[in-house]
Enquirer: 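Mind looking over this structure? Questions follow.
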Amino acid sequence: MKLIGIEEHFLTVEIRDAWHAVGLDAVDPSVAFHSGAIEARLLDLAEQRLALMDETGLDVQVLSLTTPSLHDLGADSVDLARRTNDAIAAAVARHPTRFQALATLPIARPEEAALELERCVRTLGFKGTMLCGRVGERNLDDPAFSPVFRCAEALNAPILLHPRVPDIAVRAAYYSGFAPEVDAAFATYGLGWHYDAGIQFLRLVLAGTFDRMPGLQIILGHWGELVLFYAERLAAMDRVSGLAQPIATYLRRNLYVTASGMFLPPYLERAMSIVGSDRLLFSTDFPYQYRPGSDARRFLQTCGLAETEKAAFAHRNWLRLTGGVGDESEGDQ
């Protein structure tokens with residue numbers, strides 16, 4: 001059974017150097033995570049990455065630039081995004097059966113970002129894009145970013161909302177007071193950036209984004225970035241939200257959920273109960289969650305889904321979402 005991982009990350013030397021040039025490493029602790037063996041795996045788009053894919057049992061990686069992406073690079077990010085996307089398109093062309101891609105966008109310049117998304121989807125064959133939460137002091141529901149979301153809806157291109165570190169004031173208030181390495185972990189992969197990603201999605205809902213753009217499709221990793229586990233409490237906001245639909249409707253109509261390497265059957269069951277089996281996507285969150293021992297393939301085999309649902313989770317839902325339904329027969333081999 002074909003296994004497609006839709007949240008699999010890369011980095012380029014040029015982007016790494018750009019982060020350091022603007023001092024991002026001094027204010028965003030996640031930048032320091034991209035070092036050593038992790039950095040080597042992020043930078044590699046050839047044989048070593050393919051070997052680790054084979055080892056874990058993943059047939060296809062959908063490549064996306066790791067957090068914090070280009071969100072803090074301003075006007076300089078326009079040309080950088082284009083060069084990055086061209087480089088990733090070349091990597092996909094070298095290994096067309098193993099790699100797909102999500103566009104890297106100069107999101108601080110929304111009009112240019114929309115044009116680049118259109119180029120990536122229509123010309124380069126990319127499947128969608130990935131955004132990493134706030135852009136400066138603006139949340140993603142800020143009207144300034146509407147061109148990007150409208151473009152994504154028009155292109156039927158999903159947007160993966162990826163975690164990023166919370167604002168420094170939020171970190172100081174909620175995620176500080178321990179050893180520096182504990183503060184950094186608490187504010188990022190321990191909890192903080194998962195809350196931040198889930199909140200970005202909920203802000204889009206509450207801002208009426210999906211009433212204005214009912215075809216827009218969002219992907220949340222890590223089994224929904226905590227959102228799905230409080231679906232019942234979120235529903236209580238229906239009486240005050242002023243939205244056209246109950247919040248539960250947006251969860252089932254506009255949201256896909258992926259594993260991000262958190263291979264836990266109870267989480268899968270919870271996600272399926274909220275969004276449905278046709279909105280579950282597979283991913284390993286490479287290289288951060290990579291573990292040896294055919295980890296991805298083993299989870300697929302033992303996750304408890306019926307065969308039809310397992311195939312949907314493994315590849316069919318992604319193919320349907322991104323217009324690749326014609327490849328289904330190959331995927332079941």
Enquirer: Do the ring planes of Phe201 and Phe210 sit parallel (below 30°), tilted (30 to 60°) or perpendicular (above 60°)?
Expert: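 If you compare the ring of Phe201 with that of Phe210, the planes turn out tilted.
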Enquirer: If you round to the nearest 0.5 Å, how far is CD of Glu7 from CG of Leu63?
Expert: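 Separation between the atoms: 12.0 Å.
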Enquirer: Partners of Arg98 by salt bridge (Lys or Arg N to Asp or Glu O under 4.0 Å), sequence neighbours excluded?
Expert: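 Salt bridge (Lys or Arg N to Asp or Glu O under 4.0 Å) check on Arg98 returns Asp54.
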Enquirer: If only atom types and distance count, is the side chain of Arg320 paired as donor or acceptor with the main-chain N or O of Asp278 below 3.5 Å?
Expert: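 Such a contact is found between Arg320 side chain and Asp278 backbone.
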Enquirer: Run the numbers on His315 and Val60 for side-chain contact (heavy atoms from CB on, under 4.5 Å), then give the verdict.
Expert: CA-CA 9 Å; His315 62 271; Val60 179; over 6 Å; no
Enquirer: Rounded at 0.5 Å granularity, tell me how far CG in Leu115 sits from SG in Cys151.
Expert: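 Result: 7.5 Å between the selected atoms.
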Enquirer: Please report the C-alpha distance between Arg298 and Asp295 in whole Å, then the side-chain angles of each, then the deciding distance to 0.1 Å, and finally whether the salt bridge (charged side-chain N to carboxylate O under 4.0 Å, His left out) criterion is met.
Expert: CA-CA 5 Å; Arg298 185 173 64 251; Asp295 200 44; 2.8 Å; yes
Enquirer: Would you call Glu8 and Arg49 a salt bridge, using N to O less than 4.0 angstrom?
Expert: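 No, no charged N to carboxylate O under 4.0 Å.
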Enquirer: If hydrophobic residues (ILVMFWY) are linked whenever their side-chain heavy atoms come closer than 4.5 Å, directly or via other members, who joins Phe33 in its cluster?
Expert: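 So far as hydrophobic clustering goes, Phe33 is joined with Tyr189, Trp193.
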Enquirer: Hey, any chance Val205 and Ile199 share a hydrophobic cluster, counting ILVMFWY side chains that come within less than 4.5 Å of each other, even indirectly?
Expert: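 No: no chain of side-chain contacts under 4.5 Å links Val205 to Ile199.
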Enquirer: Kindly work out whether a path of hydrophobic side-chain contacts (I/L/V/M/F/W/Y, heavy atoms less than 4.5 Å apart) joins Leu3 to Met1.
Expert: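 Yes; tracing contacts between hydrophobic side chains, which count when under 4.5 Å, links both residues.
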Enquirer: Looking at CD1 of Ile15 and OG1 of Thr84, how far apart are the two atoms once the value is rounded to the nearest 0.5 Å?
Expert: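 Going from the CD1 atom of Ile15 to the OG1 atom of Thr84 covers 3.5 Å.
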Enquirer: What pairs with Gln200 under side chain to side chain donor-acceptor pair (under 3.5 Å), at least two apart in sequence or on another chain?
Expert: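 Partners of Gln200 by the side chain to side chain donor-acceptor pair (under 3.5 Å) criterion, ordered by chain and then number, come out as Asn139.
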Enquirer: Please check if Leu105 and Leu204 belong to a single hydrophobic cluster, counting links between Ile, Leu, Val, Met, Phe, Trp and Tyr side chain heavy atoms closer than 4.5 Å.
Expert: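 Same hydrophobic cluster.
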Enquirer: If we count only N and O atoms by modelled type, under 3.5 Å, do the side chains of His194 and Glu225 hold a donor and an acceptor together?
Expert: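 Yes, a side-chain donor-acceptor pair sits under 3.5 Å.
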Enquirer: By salt bridge (Lys or Arg N to Asp or Glu O under 4.0 Å), which residues pair with Arg203, not counting sequence neighbours?
Expert: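 So Arg203 forms a salt bridge (Lys or Arg N to Asp or Glu O under 4.0 Å) with Asp141.
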Enquirer: Can you list everything that forms a salt bridge (Lys or Arg N to Asp or Glu O under 4.0 Å) with Arg164? Sequence neighbours excluded, please.
Expert: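 Applying salt bridge (Lys or Arg N to Asp or Glu O under 4.0 Å) to Arg164 gives Asp28, Asp72.
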Enquirer: With a 4.5 Å heavy-atom cut-off, do Leu65 and Phe10 have their side chains touching?
Expert: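 Leu65 vs Phe10: side chains touch.
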Enquirer: Give the intermediate values and the outcome of side-chain contact (heavy atoms from CB on, under 4.5 Å) for residues Leu124 and Asp86.
Expert: CA-CA 8 Å; Leu124 302 183; Asp86 287 343; 4.0 Å; yes
Enquirer: With sequence neighbours excluded, tell me which residues meet side chain to side chain donor-acceptor pair (under 3.5 Å) with Ser283.
Expert: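 Ser283: side chain to side chain donor-acceptor pair (under 3.5 Å) contacts with Thr258.
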Enquirer: Drop me the distance from Gln48's CD to Leu45's CG, to the nearest 0.5 angstrom.
Expert: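 Output value for this atom pair is 12.5 Å.
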Enquirer: CD of Gln61 to OG1 of Thr284: how many Å apart, nearest 0.5 Å?
Expert: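 The distance works out to 6.0 Å.
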Enquirer: Phe282 pairs by ring pair (Phe, Tyr, Trp, His ring centres under 6.0 Å) with which of Trp318, Trp223, Tyr256, Phe313?
Expert: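 Testing each of Trp318, Trp223, Tyr256, Phe313 against Phe282, the sole residue satisfying ring pair (Phe, Tyr, Trp, His ring centres under 6.0 Å) is Phe313.
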Enquirer: Could you walk me through whether Leu131 and Phe145 pass the side-chain contact (heavy atoms from CB on, under 4.5 Å) test, one step at a time?
Expert: CA-CA 11 Å; Leu131 300 177; Phe145 302 117; over 6 Å; no
Enquirer: Do Trp19 and Ile88 belong to the same hydrophobic cluster, where Ile, Leu, Val, Met, Phe, Trp and Tyr are linked whenever their side-chain heavy atoms lie under 4.5 Å apart, directly or via other members?
Expert: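 Both belong to a single hydrophobic cluster.
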Enquirer: Under the rule for side chain to side chain contact (heavy atoms under 4.5 Å, CB included), what residues qualify as partners of Ala231, not counting sequence neighbours?
Expert: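 In terms of side chain to side chain contact (heavy atoms under 4.5 Å, CB included), with neighbours along the sequence ignored, Ala231 is linked to Leu251, Arg270, Ile274.
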Enquirer: Got Leu50 and Phe99 here, is their nearest side-chain heavy-atom distance under 4.5 Å?
Expert: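 Sidechains of Phe99 and Leu50: in contact.
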Enquirer: Please identify each residue that fulfils side chain to side chain donor-acceptor pair (under 3.5 Å) with Gln217, with sequence neighbours left out.
Expert: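 Arg279.
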Enquirer: How far does OG1 of Thr249 sit from CG of Leu255, to the nearest 0.5 angstrom?
Expert: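 Here the interatomic distance stands at 12.5 Å.
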Enquirer: Can Val22 and Asp76 be said to form a side-chain contact (heavy atoms from CB on, under 4.5 Å), step by step?
Expert: CA-CA 11 Å; Val22 299; Asp76 293 339; 5.9 Å; no
Enquirer: List, by chain and then residue number, the residues other than Tyr195 in its hydrophobic cluster (Ile/Leu/Val/Met/Phe/Trp/Tyr, side-chain heavy atoms under 4.5 Å); write none if there are no others.
Expert: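 Under the 4.5 Å side-chain rule, Tyr195 groups with Val170, Tyr174, Tyr175, Phe178, Val182, Phe186, Leu191, Leu226.
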Enquirer: Can you list the residues that meet the salt bridge (Lys or Arg N to Asp or Glu O under 4.0 Å) rule with Arg83, with sequence neighbours excluded?
Expert: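 Per chain and number, Arg83 pairs via salt bridge (Lys or Arg N to Asp or Glu O under 4.0 Å) with Glu14.
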Enquirer: Share the residues that join Tyr290 in a hydrophobic cluster, the rule being Ile, Leu, Val, Met, Phe, Trp or Tyr side chains under 4.5 Å apart at the heavy-atom level.
Expert: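 Cluster partners of Tyr290: Leu52, Phe286.
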Enquirer: For Glu116, give me all partners under side chain to side chain donor-acceptor pair (under 3.5 Å), at least two apart in sequence or on another chain.
Expert: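 So Glu116 forms a side chain to side chain donor-acceptor pair (under 3.5 Å) with Asn85, Arg119.
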Enquirer: Check each of Ile4, Val62, Leu160, Ile219 against Leu281 using the side chain to side chain contact (heavy atoms under 4.5 Å, CB included) test, and report the only one that passes.
Expert: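 Of all the options given, the one that passes is Ile219.
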